[in-house]
Number of protein chains: 2
Amino acid sequence: MTDRSYFTITELTAEFGITTRTLRFYEDEKLINPRRHGRKRLYTPRDRTRVKLILRGKRLGFSLAEIREIIEMYDHAPGENRQLQILMQRINERKAELEQKRRDIEETLKELADVESVALIRISELEKLKKDTGS
Amino acid sequence: MTDRSYFTITELTAEFGITTRTLRFYEDEKLINPRRHGRKRLYTPRDRTRVKLILRGKRLGFSLAEIREIIEMYDHAPGENRQLQILMQRINERKAELEQKRRDIEETLKELADVESVALIRISELEKLKKDTGS
DNA sequence: AATATTCTTGACCTTTACGTAAGATGCGTA
DNA sequence: TACGCATCTTACGTAAAGGTCAAGAATATT
């Protein structure tokens, strides 16, 4: 199903759980640009991949502007040396950010695990109480 | 420096790179509630920790409402069984979200590494060219 | 042919998370 | 005492990311 040549707007909204407004908004923002059949939009697999990247970026808390930057890095590695240096710098900045996010996630998961174990203990205490007082 | 009993508002803004407006806003939103000395706010280490949690949540793309929920889980593990079940459910939802984010991060890091290696190859090609044509 | 469905373009509306400016208050100091 | 900060409250402003109609065009269905 994913290697079809075109998708309609509602197919994509259904697949990704978003609205048509959202896809048109991303188009306004130049994040995707679907072909047209008459006036109707036809999304290519490439557009679909872009949407995936956008949504992934959003899950990570990036703004659309930041997501645009990231996607642009994927698109064209420049030919000129100066530009390549700048690209390398951007890549390293994003890497650092992502690694920070990763640390944040690990910390949060650990804290949630702590809360969970406290809750589990309480639950088992309640079970015991129930048994002791006669189920 | 972190185990002082009180911090002023500007101390915290300086430490976290945020504005006073932001701290007052979080207060309006009941995410923190500093004591007062007269009308001036005095932030306890607990408030400071909260701010850290809030900013960490923001880096991970959580809204303030979501952050509030997460912080509330840390605060009071309830005593009643039904509430404990609900808490467990919430914890598992958050865990799943965080694990998704983690996968998103790994994917993005991998893609960035790919872009980086392409860029590095180009750079070395340019180096070679420069040498061949005479530096 | 009439109706329903899908898609289109506008246009204004809403929520979140603050920014920013105005004016008052208190406190140390020159 | 006058000044300069730091802080306070109040209130309007704003950017981002869509939501929500409205009204028309194209296509499909009965």
Side-chain angles (χ1 to χ4, degrees), chain A residues 4-44 47-48 50-72 94 97 101 104, chain B residues 4-44 47-48 50-72 94 97 101 104:
Chain A
R4 290 172 37 199
S5 47
Y6 291 110
F7 307 87
T8 70
I9 195 166
T10 34
E11 279 170 349
L12 284 196
T13 60
E15 176 174 4
F16 294 117
I18 56 181
T19 68
T20 58
R21 179 67 175 89
T22 298
L23 283 179
R24 296 195 189 106
F25 180 70
Y26 292 164
E27 188 177 344
D28 283 351
E29 297 290 309
K30 317 280 180 195
L31 286 165
I32 46 183
N33 74 329
R35 312 261 157 82
R36 298 300 173 113
H37 175 65
R39 12 168 43 212
K40 291 187 178 169
R41 292 169 175 82
L42 287 180
Y43 295 85
T44 65
D47 290 318
R48 182 172 163 283
R50 288 268 195 147
V51 174
K52 260 199 220 177
L53 291 179
I54 295 167
L55 298 178
R56 194 183 66 190
K58 294 217 67 193
R59 284 196 298 273
L60 292 177
F62 289 111
S63 70
L64 291 185
E66 290 171 316
I67 291 170
R68 193 202 329 280
E69 271 192 56
I70 294 172
I71 289 181
E72 272 168 15
R94 290 303 174 195
E97 253 180 287
K101 282 180 202 286
D104 290 333
Chain B
R4 288 171 37 199
S5 46
Y6 290 110
F7 306 88
T8 70
I9 194 166
T10 34
E11 280 170 347
L12 284 197
T13 61
E15 176 174 5
F16 293 117
I18 56 182
T19 68
T20 58
R21 180 66 175 92
T22 299
L23 283 180
R24 297 197 190 105
F25 180 71
Y26 292 163
E27 187 176 346
D28 283 350
E29 296 292 306
K30 318 278 181 196
L31 286 165
I32 46 183
N33 74 328
R35 313 259 159 83
R36 301 297 175 116
H37 175 65
R39 8 169 47 211
K40 293 191 178 168
R41 290 169 175 81
L42 288 180
Y43 295 85
T44 65
D47 289 319
R48 182 172 164 282
R50 288 267 195 150
V51 174
K52 260 199 219 179
L53 291 180
I54 296 168
L55 298 178
R56 194 182 66 190
K58 293 216 66 193
R59 283 196 299 273
L60 292 177
F62 290 112
S63 70
L64 291 183
E66 290 171 316
I67 291 170
R68 191 201 334 277
E69 271 192 56
I70 293 173
I71 289 181
E72 272 168 16
R94 291 302 174 195
E97 253 180 288
K101 282 181 203 283
D104 290 333

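The chains referred to below are lettered A, B, ... by the order of the sequence lines, with proteins before strands, and numbering in each begins at 1. Side chains included, hydrogens not; waters and symmetry mates left out as well; all remaining heavy atoms used.
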(request) Would you please confirm or rule out a distance under 4.0 Å between OP1 or OP2 of D:dG19 and any side-chain N or O of A:Thr22? (result) yes

(message) Check the phosphate of C:dC7 against A:Thr10, side-chain N and O only, distance under 4.0 Å to OP1 or OP2. Yes or no?
(response) yes

(request) Write down the distance between CD (A:Glu29) and P (D:dA16), rounded to a whole number of angstrom. (result) 8 Å

(message) Using whole Å, what does the distance between atom C1' of nucleotide C:dC7 and atom CZ of A:Phe7 come to?
(response) 18 Å

(message) Any carboxylate oxygen within less than 4.0 angstrom of a Lys/Arg side-chain nitrogen, looking at B:Glu97 and B:Arg94?
(response) yes

(request) Starting from C1' on C:dT8, measure out to CG on A:Leu42 and report it in whole angstrom. (result) 13 Å

(request) Starting from the 5' end of DNA chain D, give me the residue, A:Lys58 or B:Tyr43, whose nearest nucleotide shows up first. (result) B:Tyr43

(request) Go through the side-chain N and O atoms of A:Thr10 and A:Thr13 and say whether any donor and acceptor fall under 3.5 Å apart. (result) no

(request) Could you encode protein contacts along nucleotides 20-29 of chain C as a string, one character per nucleotide from 5' to 3', using B for base contact, S for sugar-phosphate-only contact and - for no contact, with a heavy-atom cut-off of under 4.0 Å? (result) B----S----

(request) Ignoring backbone atoms, test whether B:Thr8 places a side-chain nitrogen or oxygen under 4.0 Å from the OP1 or OP2 oxygen of D:dT7. (result) yes

(request) Flag the pair B:Leu53 / B:Ile67 as yes when at least one side-chain heavy-atom distance between them is below 4.5 Å, and no otherwise. (result) no

(message) Whether the side chain of A:Arg48 engages the backbone of A:Tyr43 through a donor-acceptor N/O pair (distance < 3.5 Å, no angle test) should be reported.
(response) no

(message) From the set C:dA17, C:dC7, D:dC8, return the single nucleotide nearest to any side-chain atom of B:Arg36.
(response) D:dC8

(request) Quickly work out the B:Glu27 CD to C:dC18 C1' distance and round it to whole Å. (result) 15 Å

(message) Taking only side-chain N and O atoms of A:Arg41, does any of them lie within less than 4.0 angstrom of OP1 or OP2 on C:dT9?
(response) yes

(request) Using atom CD1 of A:Ile67 as one end and atom P of D:dG18 as the other, report the distance to the nearest whole Å. (result) 9 Å

(request) Determine: side-chain N/O of B:Tyr26 to OP1/OP2 of C:dC18, distance under 4.0 Å, yes or no. (result) yes

(request) Please say which of B:Arg59, B:Arg56, B:Lys101 ends up in a side chain to side chain donor-acceptor pair (under 3.5 Å) with A:Asp104. (result) B:Arg59

(message) What is the separation between atom CG on A:Asp28 and atom C1' on D:dA17, rounded to the nearest whole Å?
(response) 12 Å

(message) Can a donor-acceptor pair be found, under 3.5 Å and without considering hydrogens, that links the side chain of A:Arg68 to the backbone of A:Glu29?
(response) yes

(request) Rounded to the nearest angstrom, tell me the gap between atom CZ in B:Arg24 and atom C1' in C:dC18. (result) 13 Å

(request) Could you tell me the separation between the CG atom of B:Leu31 and the P atom of C:dC18, rounded to a whole number of Å? (result) 10 Å

(request) Output, in order, the C-alpha distance, side-chain angles, deciding distance and verdict of side-chain hydrogen bond (donor to acceptor under 3.5 Å, both in side chains) for A:Tyr6 and A:Arg35. (result) CA-CA 9 Å; A:Tyr6 291 110; A:Arg35 312 261 157 82; 3.2 Å; yes

(request) Please figure out whether B:Ile9 or A:Phe25 has its closest DNA chain D nucleotide nearer the 5' end. (result) B:Ile9

